[in-house]
Participant: 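Structure provided below as structure tokens; questions to follow.
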Amino acid sequence: MYSGFARFYDVLQGGTPEPFAAWIERRAAELGREVESILELGCGTGAVLDLLPAAWAKVGIDVSPDMLEIARIKGVDADLIEADIRDIALDRRFDVVACVYDTVNHVPVSDWPRVFAVASGHLETDGMFLFDMNTLGRLRGGAGRSETTVAGGSTVTISISDERDDRYDWHVRIEGDHDPIDETIAEYGASLTDVRRMLTEAGFTRVEVSGGRDRPVDDEAPRLFFACRR
Ligand SMILES: C[S@@+](CC[C@H](N)C(=O)[O-])C[C@H]1O[C@@H](n2cnc3c(N)ncnc32)[C@H](O)[C@@H]1O
């Protein structure tokens, strides 16, 4: 997962990190004090971390060495740690813990409580956990679809298949002047009701959910954004 695909990632996602970084900065301002630190769960190539204020101390966790390698080559100013976001236990706490661009969907839903516990356990008392997810509606609606784009001189085709039990496999094929690269990335969907319950069980008592501008807050919104505090 995210190995050969890693060097095409930033080109393919062009323009996406900016709104995520802006959202994180806007919500973090609600802490009402100076923000000093952020932990990003599933930081990938560090595209979002790179856009956040230089004054913030940044730590990024990712399971893909290839994605982290790109972040290092770009010189992203953050401590980058190769680890699974379900298991980490760093000996420090952060003002903000973020897990963006449907990273949580990459983890089987039965393990989301572990991710939420990791987030909660790494937050300062008044800290904020920010994450987004692809909804069940979007994942179900995308199944069977295929899309081709040109990125960095290569052709990238992504086809989504329904693997049952709300698992959707994104089959990525990259062709160009190199051997074809084939990767499968699984995404898992959960209902808003189930996610709210898991967050409550993880100790988050104040959870604000948004569907994005003028979008409904339900399982049919394409993406839901969560701002959670304990
Ligand atoms: C869609 S990318 C998002 C990357 C980054 N947050 C961004 O906005 O550009 C998802 C990332 O999550 C990472 N990931 C998926 N499952 C993970 C896990 N269990 N532990 C750590 N990282 C994981 C992948 O390697 C990938 O880099």
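Just so you know, ligand 1 is whichever comes first in the structure, and atom 1 is the first atom listed for that ligand.
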Participant: Do the side chains of D166 and R140 get close enough for a salt bridge, i.e. N-O under 4.0 angstrom?
Facilitator: yes
Participant: Is there at least one pair of N or O atoms, one from G42 and one from ligand 1, spaced under 3.5 Å apart?
Facilitator: yes
Participant: Who's the nearest protein heavy-atom neighbour of atom 8 (O) of ligand 1, and how far?
Facilitator: Y101 CB, 3.4 Å
Participant: Do the side-chain N and O atoms of Y188 and H106 include a donor-acceptor pair separated by under 3.5 angstrom?
Facilitator: no
Participant: Nearest protein heavy atom to atom 27 (O) of ligand 1, by residue and atom, and its distance?
Facilitator: D62 OD2, 2.7 Å
Participant: So which heavy atom in the protein is nearest atom 14 (N) of ligand 1, and how far is it from that ligand atom?
Facilitator: V63 CG1, 4.0 Å
Participant: Does this structure show an ion pair linking R33 with D95, if we count only N-O contacts that are shorter than 4.0 Å?
Facilitator: yes
Participant: Distance to 0.1 Å, residue and atom name: give those for the protein heavy atom nearest to atom 10 (C) of ligand 1.
Facilitator: T103 OG1, 3.3 Å
Participant: For ligand 1, is there an N or O atom under 3.5 Å from any N or O atom of D84?
Facilitator: yes
Participant: I need the nearest protein heavy-atom contact for atom 20 (N) of ligand 1: residue, atom name and distance, please.
Facilitator: I85 N, 3.0 Å
Participant: Under 4.0 Å between a Lys/Arg side-chain N and an Asp/Glu carboxylate O for R167 and D169?
Facilitator: yes
Participant: Looking just at side-chain N and O atoms, do E183 and S3 make a donor-acceptor pair shorter than 3.5 Å?
Facilitator: yes
Participant: Give yes or no for whether the N/O distance cutoff of 3.5 Å, strictly under, is met between V100 and ligand 1.
Facilitator: yes
Participant: Consider only side-chain N and O atoms of E18 and T16, and report whether a donor and an acceptor are under 3.5 Å apart.
Facilitator: no
Participant: By number and element, which atoms of ligand 1 are closer than 4.0 Å to a non-hydrogen atom of E40?
Facilitator: 5 (C), 6 (N)
Participant: Looking only at protein heavy atoms, which one is nearest to atom 15 (C) of ligand 1, and what is the separation?
Facilitator: M1 CE, 3.4 Å
Participant: When you measure from atom 3 (C) of ligand 1 to every protein heavy atom, which one gives the shortest distance, and what is it?
Facilitator: Y9 OH, 3.3 Å
Participant: Under 4.0 Å between a side-chain nitrogen and a carboxylate oxygen: does that hold for K58 and D50?
Facilitator: no
